[in-house]
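Comments concern the structure below.
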Amino acid sequence: MSNHQKEINSFMDLVTAKSPHEPEFLQAVKEVAETIIPYMEEHVKYKKYNILERMCEPERAITFRVPWIDDKGNYRINRGFRIQMNSAIGPYKGGLRFHPSVNLSILKFLAFEQVFKNGLTTLPLGGGKGGSDFDPKGKSEREIMMFCQSFMTELRKHIGASVDVPAGDIGVGGKEIGYLFGQYKRITGEYRGVLTGKGIEYGGSLVRTEATGYGVVYFSKEVLNRNNDELKGKICLVSGSGNVAQYTVEKLLDFDAKAITLSDSGGFIYDPEGIDREKLEFVKELKNKRRGRMSEYVEKYPSAEYHAGKTPWGVKADFAYPCATQNELNLEDAKELVKNGAKGVFEGANMPTTPDAVEYFREKKILYSPGKASNAGGVATSGLEMAQNSQRLHWSRDEVDNKLKQIMTQIHDNCVRHGKESDGYIDYVKGANIAGFVKVGDAMLDQGHV
Ligand code: NDP
Ligand code: 2IT
């Protein structure tokens with residue numbers, strides 16, 4: 001066993017001993033440790049001041065009770081969280097997730113990833129994440145509003161425009177952000193940019209809604225440019241059917257690529273003719289307004305197929321864009337993708353690919369970008385929303401979109417700088433980890449042991 005491997009193992013033993021029941025958090029930390037521990041051998045200041053271990057301990061992890069009453073009059077309780085992971089380069093920043101699977105492990109993994117991602121954006125954003133095990137599925141509008149109000153009644157004690165600025169994630173979109181913002185304003189009496197992803201009429205930024213999906217496609221375009229390839233005419237698999245998936249498909253259409261799949265937790269649809277703009281509008285209406293299921297797609301478009309309980313990775317395509325959730329693409333899927341000739345995998349979701357599948361892509365020299373790099377356009381545009389709120393100004397669509405493009409190019413170039421292997425292959429995992437680590441680590445070194 002190499003010395004690096006021994007060090008990685010003993011580091012992971014230490015982190016595991018402190019958080020033994022947090023598999024997703026340990027998964028995210030291990031992936032970072034595997035690239036950062038070797039890097040620290042040659043950059044000893046980070047090792048000397050124990051930067052990596054310090055980054056694994058949240059500055060603060062808050063859990064709280066969220067009481068609400070459902071439409072039948074039942075007294076209900078959910079658990080609320082906010083993980084304030086790292087504030088070295090800016091106020092804590094990261095989304096809120098409402099999903100029944102939410103627990104400390106999942107939010108710590110997301111907050112940990114967020115620190116590196118936000119470090120890549122070029123903007124002054126620390127890392128955080130929060131949410132609740134509340135399940136929005138099947139809830140009435142009144143129940144969702146009441147839950148959001150109750151959630152914010154406690155959360156507002158811990159956030160602020162220069163303290164911690166939450167946004168959306170799974171189960172939290174524009175509607176929920178509106179309810180959360182309304183309650184914050186009501187309790188504090190202050191009109192502040194304390195959340196991002198707000199409606200355009202009340203301080204939201206143009207392009208924030210689209211930014212994560214658009215950014216993923218901009219990032220993949222940079223990767224392909226570097227490899228003398230392009231999106232035009234390419235067949236793409238997209239998973240998920242929420243915010244990130246929808247705007248990934250939209251931007252793929254802008255670049256004349258063809259998305260042929262979408263999914264939700266029930267299964268996936270395969271539309272060999274491609275998901276065109278009209279079909280995409282149907283999906284937006286279905287998922288955002290009616291809170292419907294993807295199985296309804298095939299009722300409307302019978303030439304498509306619905307595969308219940310399955311993910312799309314067995315379908316032949318050029319590129320894959322996983323945009324649903326963590327660990328949705330495993331080793332078996334990776335082998336299937338490669339066997340079918342896929343050349344690139346660009347993550348829209350956070351940590352959608354299991355570690356053995358990532359390893360397989362690297363072995364096969366597949367173009368692969370981790371979410372913390374390719375999905376950073378969402379939080380970057382949140383950073384632009386914060387800038388506009390501080391200025392009390394509103395930028396045009398083109399201005400925001402151009403800045404988003406520039407940021408994705410900068411993130412890409414930064415990953416290339418730190419991720420280039422001796423044979424020319426770009427290890428984007430290594431590149432993203434080192435670039436994010438150096439940015440945050442240097443700020444931590446300057447600020448002392450706090
Ligand atoms: P949405 O809630 O808008 O959509 C989530 C989609 O993923 C839905 O189609 C949902 O299906 C599906 N999904 C969720 N959980 C599971 C599961 N356990 N198994 C299978 N499918 C699932 O969320 P977003 O589009 O905002 O988020 C998608 C991913 O992108 C997440 O990993 C998130 O962390 C990440 N992300 C989001 C950003 C943003 O700005 N919103 C920014 C960067 C990353 P169903 O409807 O059945 O639940
Ligand atoms: O995972 C993410 O980067 C997000 N959910 C967006 C966070 C944000 O603050 O915009």
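Counting convention: from 1, in listed order, for ligands and their atoms alike. Bear in mind that the values here come from a model prediction, so they are computed numbers and not experimental data. Note that the numbering runs from 1 along the sequence shown for the chain.
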First-shell residues of ligand 1 [heavy atom, distance under 4.0 Å] = Arg97, His99, Lys117, Lys137, Asp169, Ile170, Gly171, Arg208, Thr212, Gly240, Ser241, Gly242, Asn243, Val244, Ser263, Asp264, Ser265, Lys287, Arg293, Cys323, Ala324, Thr325, Gly348, Ala349, Asn350, Asn375
Of Asn86, Leu125, Val440, the one forming a side chain to side chain contact (heavy atoms under 4.5 Å, CB included) with Asn118 is Leu125
Does the Ser19 side chain pair with the main chain of Thr16, one donor and one acceptor, at a distance under 3.5 Å?
-> no
Do ligand 2 and Val165 have nitrogen or oxygen atoms that lie under 3.5 Å from each other?
-> no
For atom 5 (N) of ligand 2, the closest protein heavy atom turns out to be Asp169 OD1, 2.9 Å
Can you figure out which of Glu385, Lys93, Arg208 has its heavy atom closest to atom 6 (C) of ligand 2?
-> Arg208
Does one side chain, of Asp398 or Asn402, offer a donor that lies under 3.5 Å from an acceptor on the other?
-> no
Ring-face cation contact, Phe134 with Lys139, 6.0 Å cut, 45° max = yes
Nearest protein heavy atom with distance in Å, relative to atom 7 (C) of ligand 2 = Gly95 N, 3.5 Å
cation_pi(Lys310, Phe268) dist<6.0 Å, angle<=45 | no
Ion pair check, Arg156 and Glu190, cut-off under 4.0 Å = no
heavy-atom search around atom 10 (O) of ligand 2 in the protein gives Ser382 OG, 2.6 Å
Show which atoms of ligand 2 fall inside a sub-4.0 Å distance from at least one heavy-atom site of Lys129.
-> 1 (O), 2 (C), 4 (C), 5 (N)
Face-on cation placement of Lys234 at Phe319 ring, 6.0 Å and 45° thresholds | no
When you measure from the side chain of Lys185 to the backbone N and O of Tyr191, does any donor-acceptor pair fall under 3.5 Å?
-> no
Considering only the protein, which heavy-atom contact is closest to atom 3 (O) of ligand 2, and what is its distance?
-> Lys117 NZ, 2.8 Å
So is Gly197 in contact with ligand 2, going by heavy-atom distances below 4.0 Å?
-> no
Hey, is Leu110 touching ligand 2 through its side chain, its backbone, both or neither, going by heavy atoms under 4.0 Å?
-> neither
Cut-off 3.5 Å, side chains only: do Glu113 and Asn350 have a donor facing an acceptor?
-> no
Between Glu296 (side chain) and Arg293 (backbone), is there a donor-acceptor pair under 3.5 Å?
-> yes
Donor-acceptor contact present, side-chain Glu59 to main-chain Ser87, <3.5 Å | yes
Numbering as shown, the atoms of ligand 2 that approach Gly94 to under 4.0 Å (heavy-atom distance) | 7 (C), 9 (O)
Enumerate the atoms of ligand 2 whose separation from the nearest heavy atom of Ala167 is less than 4.0 angstrom.
-> 8 (C), 9 (O), 10 (O)
